[in-house]
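Quantities reported herein were computed from a predicted structural model and do not represent experimental measurements. Heavy atoms only: backbone and side chains are in, while hydrogens, waters and symmetry mates are out.
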Number of protein chains: 2
Amino acid sequence: MSTRERLIESTQDLLWERGYAGTSPKAIQQRSGAGQGSMYHHFGGKSDLALAAMNKTAEQLRAEISGHLDGPGTAIERISAYLHRERDVLRGCRIGRLAQDPGVVESARLRQPLDETFDWLRRRLAEVVSEGQAEGELAADLDPEDTAAAIVAVLQGGYVIARAAGSAEPFGRAVDGALRLLAASAR
Amino acid sequence: MSTRERLIESTQDLLWERGYAGTSPKAIQQRSGAGQGSMYHHFGGKSDLALAAMNKTAEQLRAEISGHLDGPGTAIERISAYLHRERDVLRGCRIGRLAQDPGVVESARLRQPLDETFDWLRRRLAEVVSEGQAEGELAADLDPEDTAAAIVAVLQGGYVIARAAGSAEPFGRAVDGALRLLAASAR
DNA sequence: GTCTATATCAGGATAGAC
DNA sequence: GTCTATCCTGATATAGAC
């Protein structure tokens, strides 16, 4: 792997663990094994490197999620697969966590990958909800876009309450609660 | 107001805006008008001051939310009042935002106010859901605790997707979507 | 492309005078 | 209780040699 790639991957990890403000150039250099000069040769500075890392993370996330939402199965099964996809709940969401970082949100450039990712996700989920309605699996009077936003929010908020509790349990409850509501809506 | 109180209030504001890692002693001193020595006279250091600020914020939040959940009205009306309580969506949640801060979550002392606040909130909402079930307003087969967790998560996640979008709109959609699902469950 | 040296400023705190 | 002085480390780079 090239030095450039190692820099990006190290930054991806650190942004996930420590956030944007909490990720220092020095930490990136140490984790990637690249020197000071090397890092500033490949990237203009911290924010350029963060942007590259965020874009790569967003792309990976879309690919992983598509694997669940595009697959076979009913709408509820696919949504359930997406919601249960998570492994390491207490680490939080690689993308969503950055929405709390003022340095990210205050910069149009850095906020863009977040915005695009959630926008794509909500649209894709709204399609799945519509498909479920067409099959009579979900109540016809749900608004697909609102429902999709609620599903995404349950996931993101699940991370928040799990980290606050120091336990994955509240995350699981939130997901189960949401799926039960979805399933109940069609009765 | 005493210097000590001004220190705490300034820290409350800064924690909300910038998070724990992003809040420096210098910024606290400037905002509160207190000097260096004054701050270290009243508090042992940044973390002690943060703890005092978080406890005060948690107390205020519980009081405000109780105002909505304890009031008159049906269960769905009270939950709706709670979800629509928010004014400045893009500022995010005063407590939930701190769950993304490694310096908070990694410290048992600092995580405690978060844990207790969300724990209280989920219990309280579960009671309201149970009351709704007793009145036949909500489906009898919902799990009150799971449903409560889902409601809290929608709110916390709503903040996340709103900040990512730079707009309050996704928050409103998530809240509407969740309320629609709740209302539909009883049909 | 990578290295080492250097620069500036902020973070977080202690010491001791008043 | 509050003030000023001082300390040490880390954040974020730039400069220039190799």
Side-chain angles (χ1 to χ4, degrees), chain A residues 1-56 97-98 100-111, chain B residues 1-56 97-98 100-111:
Chain A
M1 193 170 33
S2 72
T3 296
R4 189 189 158 83
E5 285 171 319
R6 275 185 292 110
L7 280 164
I8 292 179
E9 290 199 1
S10 300
T11 305
Q12 286 183 284
D13 289 350
L14 285 163
L15 288 178
W16 192 359
E17 273 175 37
R18 316 294 303 176
Y20 181 72
T23 294
S24 70
K26 173 177 282 191
I28 294 170
Q29 291 152 28
Q30 284 171 344
R31 182 170 304 215
S32 65
Q36 183 95 323
S38 192
M39 178 187 135
Y40 283 100
H41 170 74
H42 289 287
F43 296 93
K46 171 174 165 173
S47 74
D48 284 359
L49 186 40
L51 186 60
M54 286 166 63
N55 278 325
K56 184 168 177 194
R97 94 151 341 279
L98 296 169
Q100 296 299 341
D101 239 300
V104 170
V105 168
E106 287 164 5
S107 153
R109 275 170 77 234
L110 294 180
R111 189 171 57 72
Chain B
M1 193 169 33
S2 71
T3 296
R4 188 188 159 84
E5 285 171 319
R6 275 185 293 107
L7 280 164
I8 291 180
E9 291 200 1
S10 300
T11 304
Q12 287 184 283
D13 289 349
L14 285 163
L15 288 178
W16 192 359
E17 273 174 38
R18 316 294 304 176
Y20 181 72
T23 294
S24 70
K26 174 179 283 191
I28 294 170
Q29 290 153 28
Q30 283 171 346
R31 182 170 303 216
S32 65
Q36 182 94 322
S38 193
M39 180 188 132
Y40 283 101
H41 169 75
H42 289 288
F43 296 93
K46 172 174 165 172
S47 74
D48 283 359
L49 187 40
L51 185 59
M54 288 166 61
N55 278 325
K56 184 167 177 194
R97 103 162 317 288
L98 296 169
Q100 296 298 340
D101 240 300
V104 170
V105 168
E106 287 164 5
S107 153
R109 276 171 75 234
L110 293 181
R111 191 172 55 73

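Residues meeting the side chain to side chain contact (heavy atoms under 4.5 Å, CB included) test with B:S10, sequence neighbours left out: B:R31, B:S32. Considering only residues two or more places apart in sequence or on other chains, B:A27 meets the side chain to side chain contact (heavy atoms under 4.5 Å, CB included) condition with B:L14, B:S24. Residues passing the side-chain hydrogen bond (donor to acceptor under 3.5 Å, both in side chains) test with A:T3 are A:R6, sequence neighbours excluded. A search for side chain to side chain contact (heavy atoms under 4.5 Å, CB included) contacts involving B:Q30 returns B:K26, not counting sequence neighbours. A:R18 pairs by the side-chain hydrogen bond (donor to acceptor under 3.5 Å, both in side chains) definition with B:E106, not counting sequence neighbours. The salt bridge (Lys or Arg N to Asp or Glu O under 4.0 Å) check on A:R111 picks up A:D115, with sequence neighbours excluded. Residues satisfying the side chain to side chain contact (heavy atoms under 4.5 Å, CB included) test with B:K56, not counting sequence neighbours, are B:I8, B:E9, B:Q12, B:Q60.
Judged as a side chain to side chain donor-acceptor pair (under 3.5 Å), the pairs with a partner in residues 34-45 of chain B (not counting sequence neighbours) are, in order, B:Q29-B:Q36. Pairs passing the salt bridge (Lys or Arg N to Asp or Glu O under 4.0 Å) check and including a residue from residues 40-53 of chain B, sequence neighbours excluded, read B:D48-B:R109.
Contacts between residues 39-48 of chain A and DNA chain D, counted as heavy-atom distances below 4.0 Å, involve A:Y40, A:K46. Of the residues in residues 14-36 of chain B, those placing a heavy atom less than 4.0 Å from an atom of DNA chain C are B:T23, B:S24, B:P25, B:K26, B:Q36, in numerical order.
First and last contacting nucleotides of DNA chain D toward chain B (any atom under 4.0 angstrom from a heavy atom, 5' to 3' order): D:dG1 to D:dA5.
Here the OG1 atom belonging to A:T11 is positioned 11.5 Å from the CE atom belonging to A:M54, to the nearest 0.5 angstrom.
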